[in-house]
Amino acid sequence: MDRKGFIALSPLIVFVALYLGVSVIAGDFYKVPITVAFMISSVYAVAVSGGMPLRRRIDIFSRGASTDNMMLMLWIFILAGAFANSAKMMGCIDAAVNLTLALLPDGLLLPGLFLASCFISLSIGTSVGTIVALAPIAAGIAHSTGADVPMLTAVVVGGSFFGDNLSFISDTTIAATSTQGCRLSDKFRVNAFITIPPAVIILALYALLGTDIQAPAAVPEADVVKVLPYVVVLVTAIFGMNVMAVLTLGIALTGLIGIADGSFSVFGWLQAMGAGITGMGELIIITMLAAGMLELIKERGGIDCIIKVITKHVRSMRGAELSIAALVGVVNICTANNTVAIITVGNIAKHIGDRYGVDNRKCASILDTMSCCVQGVIPYGAQILMGAGLAAVNPVSLIPYLYYPFAIGLATVASIVFRYPRRFSK
């Protein structure tokens with residue numbers, strides 16, 4: 001890596017050193033607020049981006065923080081905060097937790113949550129929407145049973161990536177297949193070989209780990225009417241309604257039911273929504289700072305430098321596939337968005353694949369699975385931030401329990417090294 005490339009990537013190095021490095025040394029991930037770490041690294045990114053006026057650097061930073069995808073994500077965060085807190089205040093979470101505890105036998109809470117997150121994400125094609133729906137329930141179950149909150153939240157976050165890999169309406173699936181010029185059904189078949197076996201293994205692991213999680217002896221009777229907002233959110237999302245429309249409908253239902261049964265007044269409902277939106281403030285700040293910093297890294301050639309270094313020593317089909325996996329993974333670390341990472345490197349991956357005879361269906365699958373693996377374990381990714389925010393825990397505390405995203409990465413590397421599925425690896 002040359003000096004120019006190192007300087008372009010140095011803001012990310014500063015962030016990692018400041019947040020992760022200092023926290024590990026201190027033995028406490030609460031010592032350095034993640035917002036402060038991003039603020040310092042963002043200021044540093046603006047400072048070292050020489051060769052242009054300060055105003056131009058700030059404009060580039062602001063452009064990255066306010067792209068269409070970024071603003072859509074922020075709107076989802078705002079609506080999710082309003083829905084989650086208004087649902088909590090009207091008793092929706094407690095009712096959903098009590099219903100879950102009543103329906104699931106002891107020892108099956110962990111695999112039950114994982115299966116639910118897999119099924120919902122497969123149906124709606126969005127990991128964020130799945131997390132919005134299930135993370136509050138997972139946290140509520142953890143509090144009711146005395147289980148570890150980060151662990152149960154991580155079960156939902158990890159399972160939410162199942163749909164990102166296999167759903168026909170997932171953004172990552174559409175981006176991967178369109179950049180590689182293959183059909184959704186073909187890419188699905190490749191992905192099924194790579195992602196379903198790890199899901200089965202992780203499900204069995206959760207069944208073993210969850211044997212000690214016992215429901216309380218006396219579970220209060222669930223008020224089924226108060227579960228309705230969650231049911232409607234899940235059903236409408238499964239049938240393909242836009243996630244923002246889904247959340248708006250959920251907010252309206254919490255108001256109607258909560259006011260009707262006296263859980264809160266009209267003003268209480270408005271205050272609950274306001275508190276929920278305010279509670280998302282840190283998440284919104286982190287997202288905007290990260291996006292602005294990463295836009296400066298891209299502008300200064302940091303992404304191009306990564307691509308050049310990773311593809312320098314490719315000599316074979318296996319090496320080409322490994323380079324594609326590494327390429328999308330590293331760019332995902334820099335962009336903190338798996339769809340953006342796939343779009344960024346998709347055409348380059350197609351050229352690499354065509355040159356070394358990589359099946360475009362296998363290439364699309366590698367782009368999808370490896371980007372989801374990385375997105376599922378970086379503490380500043382939207383999914384972990386959303387899950388941690390809704391469960392009121394530190395994002396880093398989820399990482400040790402994110403078994404499925406790690407398993408996807410291992411399965412992807414294994415499919416490259418051991419050349420499977422055979423039909424798509426010749």
Side-chain angles (χ1 to χ4, degrees), residues 9-49 57-58 61-62 64-66 70-71 73-78 80-82 84-85 88 128 131-132 135-136 138-139 142-143 148-154 156-157 274-297 332-337 374-402 405:
L9 291 171
S10 61
L12 191 62
I13 298 171
V14 169
F15 167 74
V16 173
L18 183 61
Y19 183 62
L20 294 181
V22 174
S23 297
V24 168
I25 293 171
D28 184 357
F29 280 97
Y30 289 91
K31 287 289 185 183
V32 182
I34 194 170
T35 48
V36 175
F38 267 119
M39 182 194 71
I40 293 173
S41 55
S42 296
V43 171
Y44 172 81
V46 173
V48 299
S49 298
R57 295 179 235 171
I58 295 174
F61 183 95
S62 301
S66 58
M70 198 56 54
M71 295 311 298
M73 190 181 301
L74 298 185
W75 273 114
I76 292 173
F77 288 167
I78 290 169
N85 201 57
K88 177 182 178 181
V128 172
I131 292 166
V132 168
H143 289 301
D148 190 62
V149 177
M151 180 176 68
L152 264 68
T153 306
V156 169
V157 174
I277 294 170
T278 302
M280 287 290 172
E282 183 181 50
L283 177 57
I284 292 170
I285 292 169
I286 290 169
T287 303
M288 295 185 72
L289 287 174
M293 181 186 76
L294 295 168
E295 183 68 17
L296 276 171
I297 290 174
N332 202 131
I333 290 172
C334 294
T335 60
N337 186 305
V374 173
Q375 184 69 17
V377 298
I378 53 175
Y380 51 92
Q383 289 82 357
I384 290 183
L385 289 175
M386 176 67 77
L390 293 173
V393 295
N394 189 292
V396 179
S397 67
L398 303 185
I399 294 176
Y401 304 107
L402 291 166

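None of the values given here were measured: they were computed from a predicted structure.
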Nearest heavy-atom pair of [X] and [Y]: which atoms, and what distance?
X      : Y      : answer
Ala142 : Leu152 : N-CD2, 3.7 Å
Leu398 : Ala154 : O-CB, 3.7 Å
Ser42  : Leu289 : OG-O, 3.4 Å
Leu296 : Arg57  : CD2-O, 3.7 Å
Ala138 : Val156 : CB-CG2, 3.8 Å
Pro405 : Val377 : CB-CG1, 3.9 Å

Nearest-0.5 Å distance, [atom1] of residue [X] to [atom2] of residue [Y]:
X      : Y      : atom1 : atom2 : answer
Leu12  : Ile297 : CG    : CD1   : 5.0 Å
Met280 : Glu282 : CE    : CD    : 11.0 Å
Gln383 : Ile131 : CD    : CD1   : 5.5 Å
Thr278 : Ile284 : OG1   : CD1   : 9.0 Å
Ile378 : Leu402 : CD1   : CG    : 11.5 Å
Met386 : Thr153 : CE    : OG1   : 13.0 Å

* Residues in side-chain hydrogen bond (donor to acceptor under 3.5 Å, both in side chains) with Ser41, at least two apart? ->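 Ser41 satisfies side-chain hydrogen bond (donor to acceptor under 3.5 Å, both in side chains) with no other residue.
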* Partners passing side-chain hydrogen bond (donor to acceptor under 3.5 Å, both in side chains) against Tyr380 (at least two apart in sequence or in another chain) ->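 side-chain hydrogen bond (donor to acceptor under 3.5 Å, both in side chains) check on Tyr380 returns nothing, list empty.
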